[in-house]
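Notes to accompany the following structure.
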Amino acid sequence: MNATSDPALLARRSVALPTGLLELTLEDGAGEADALLGFAARANAKRGFLFLSKVLGKHWPVRPAAMLAVHERLAATVPENEGPLVFIAMAETAIGLGQGVFEAWLRAHPGREALFIHTTRYRVGSGPLIEFEEAHSHAPRQFLHLPQDPALRALLLGARTLVLVDDEASTGNTFLNLTDACRRLNPGIARVHLATITNFMGRAATAGLATRFGLPVSMGALVSGEYRFTPGDYVAPAGAAQRFDPDADRGASPAFGRLGLRAALRTPTELAARLAGEFTPGARVAVLGTGEFMHAALLLGRALEDRGLDVHVQSSTRSPILTWGAVGHALSFPDNYGEGVPNFIYNIAPGQYDHVLVCHETAPNAALRGFAGQLGARLFHFQSETDVEEVPVR
């Protein structure tokens with residue numbers, strides 16, 4: 001990677017990717033930028049670069065304690081506003097981040113009322129949906145389900161503050177599209193807070209958010225700056241067509257955030273205690289989520305970390321990324337949601353860990369068993385917060 005490494009020049013970077021030239025000006029948080037993010041090249045004609053977070057748990061394995069610390073920091077950026085608050089995490093990359101920020105906010109505000117819900121690319125139940133676009137994505141269509149529980153729906157429809165969580169902001173367009181959709185549903189929304197690990201919209205665009213959104217907007221980010229990307233001659237390979245069928249049953253669960261939650265997910269402490277008893281003290285363990293199912297893996301990983309194991313957490317993804325820069329290894333496998341879209345796990349290689357645990361919400365299938373087989377992993381089917389079953393790989 002051709003990037004400036006002199007700390008005195010850290011505020012400006014030029015990164016020559018296989019897909020083009022990425023130029024950055026780093027402002028707030030520049031001193032910890034290297035610890036928080038790297039750079040990768042996406043096999044995506046719409047956007048050939050990726051600000052790869054090292055603390056998100058999506059494309060880079062992260063210690064659970066480090067992830068939780070980021071959740072606490074971003075939760076602390078949420079202004080003190082009248083409630084209720086609705087936290088919305090953006091699929092698929094930031095679902096775990098958003099759920100962690102929501103839970104950190106609850107811990108810091110005991111007795112306060114808030115709703116967590118995440119966007120999704122899957123249909124759950126037959127209730128009404130909000131649909132909006134993430135224009136730069138390789139999979140642009142997203143849905144937000146209306147909660148079916150009357151109390152949770154009342155929280156959404158009565159919200160005064162939206163807290164929108166994503167790993168990065170570069171244009172703000174997706175946030176604006178979702179906010180507009182939510183305001184059509186709930187005109188009483190009075191303000192928006194954006195919580196991101198990185199904000200590369202630039203000072204002027206960030207300052208102009210309130211004008212664009214038509215209501216007060218605040219921003220909380222760990223690293224801020226702006227970027228320019230000049231595409232090169234790289235031609236992205238044709239990918240598998242994204243199969244968006246809102247009526248298809250993909251095996252996605254209603255229990256973990258798609259229909260809303262008002263409390264933290266339960267940590268699977270009994271499972272963690274049993275597994276810790278099986279493993280050698282200090283063993284290296286990778287706990288992997290699958291696709292949109294991310295946060296339960298972090299909770300299991302944290303419980304194992306608390307029991308003295310050397311744990312890293314990550315999730316598989318549908319995002320195609322080149323093996324270059326911050327991506328040193330890639331595995332591909334069929335997706336367990338049955339869309340026929342290739343899925344990937346990055347920077348996790350066979351034999352790298354003593355134990356690999358794969359957490360999934362869909363019913364066991366050949367895709368999951370094939371994924372587990374590549375890594376010598378064990379499968380754990382989370383049917384609910386309290387019902388977790390280990391699944392034979394063969």
Side-chain angles (χ1 to χ4, degrees), residues 1-5 10-27 30 33-34 36-60 90-94 97 121 133-142 166-177 196-202 205 221 223-242 244 291 314-332 335 339 341-348:
M1 181 168 61
N2 179 23
T4 302
S5 57
L10 184 62
R12 294 188 181 276
R13 290 192 169 197
S14 178
V15 187
L17 289 80
T19 53
L21 180 66
L22 180 64
E23 297 171 277
L24 297 170
T25 300
L26 300 174
E27 298 168 350
D34 283 336
L36 295 176
L37 78 154
F39 305 98
R42 298 170 62 148
N44 180 348
K46 296 180 181 180
R47 177 174 288 190
F49 62 93
L50 175 67
F51 300 117
L52 187 147
S53 171
K54 296 178 179 178
V55 292
L56 178 68
K58 195 63 180 175
H59 311 108
W60 183 281
M90 309 299 290
E92 73 174 16
T93 303
L97 176 68
R121 294 188 171 97
E133 292 284 326
E134 183 184 14
H136 69 263
S137 174
H138 56 282
R141 288 180 64 186
Q142 291 209 41
D166 209 347
D167 60 312
E168 59 105 353
S170 52
T171 66
N173 291 336
T174 305
F175 287 138
L176 177 59
N177 292 342
T196 65
I197 296 172
T198 57
N199 169 24
F200 284 112
M201 290 190 291
V223 176
S224 299
E226 55 187 322
Y227 77 94
R228 179 174 64 182
F229 181 69
T230 305
D233 297 329
Y234 175 82
V235 178
Q242 304 294 304
F244 292 102
Q314 197 177 323
S315 173
S316 62
T317 175
R318 63 164 65 199
S319 180
I321 308 172
L322 302 182
T323 305
W324 177 91
V327 174
H329 190 274
L331 287 176
S332 176
D335 79 284
E339 292 182 282
V341 178
N343 276 210
F344 308 91
I345 193 79
Y346 297 109
N347 294 313
I348 298 279

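Values below: every heavy atom of this structure, side chains too, minus hydrogens, waters and symmetry copies.
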Checklist entry - Where do Ile348 and Leu331 land on the side-chain contact (heavy atoms from CB on, under 4.5 Å) test, with the steps shown first? => result CA-CA 8 Å; Ile348 298 279; Leu331 287 176; 5.9 Å; no
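Between Arg121 and Glu339 no salt bridge is recorded (no basic side-chain N to carboxylate O distance below 4.0 Å). Salt bridge annotation for Glu168-Lys58: absent, with no cationic side-chain nitrogen under 4.0 angstrom from a carboxylate oxygen.
Paired with Leu322 under the rule side chain to side chain contact (heavy atoms under 4.5 Å, CB included), one option of Leu17, Val327, Thr19 passes, and it is Thr19. Results of the ring pair (Phe, Tyr, Trp, His ring centres under 6.0 Å) test with Phe49 over Phe39, Tyr227, Trp324, Tyr234 single out Tyr227 as the only residue that passes.
Between Leu56 and Thr93, the closest heavy-atom pair is CD2-CG2, 3.2 Å. Closest approach of Ala40 to Leu52, counting heavy atoms only: CB-CD1, 4.1 Å. Across every non-hydrogen atom of Asn347 and Ala326, the tightest pair is ND2-O, 3.0 Å. Pairing each heavy atom of Ala330 with each of Thr323, the nearest pair is CB-OG1, 3.9 Å. Counting all heavy atoms, side chain and backbone alike, Ala91 lies closest to Gln142 at O-NE2, 3.1 Å. Nearest approach of Ser14 to Glu23, heavy atoms of both residues: OG-CG, 4.3 Å.
One finds the OG1 atom of Thr317 at 8.5 Å from the CZ atom of Phe344 (value rounded to the nearest 0.5 Å). Taken from CD1 in Ile345 to OG in Ser315, the straight-line distance is 6.5 Å, to the nearest 0.5 Å. To the nearest 0.5 Å, atoms CZ (Phe175) and OG1 (Thr196) are separated by 6.0 Å. To the nearest 0.5 Å, atom CG of residue Leu24 and atom OG1 of residue Thr198 are 10.0 Å apart. Atom CG of Leu36 is separated from atom CZ of Phe51 by 13.5 Å, given to the nearest 0.5 angstrom. The structure places CZ of Phe200 at 5.5 Å from CG of Leu37, a figure rounded to the nearest 0.5 Å.
Residues Thr174 and Asp166 fail the side-chain proximity criterion, which asks for heavy atoms closer than 4.5 Å. Using a 4.5 Å heavy-atom cutoff, the side chains of Val223 and Leu26 are in contact.
Without hydrogens or angle criteria, Glu92 side chain to Arg318 main chain gives a donor-acceptor distance under 3.5 Å. Checked by atom type and distance alone, the side chain of Ser316 pairs as donor or acceptor with a backbone atom of Gly291 at under 3.5 Å. With hydrogens and angles ignored, the 3.5 Å screen pairs no side-chain donor or acceptor of Asn44 with any backbone N or O of Ala236.
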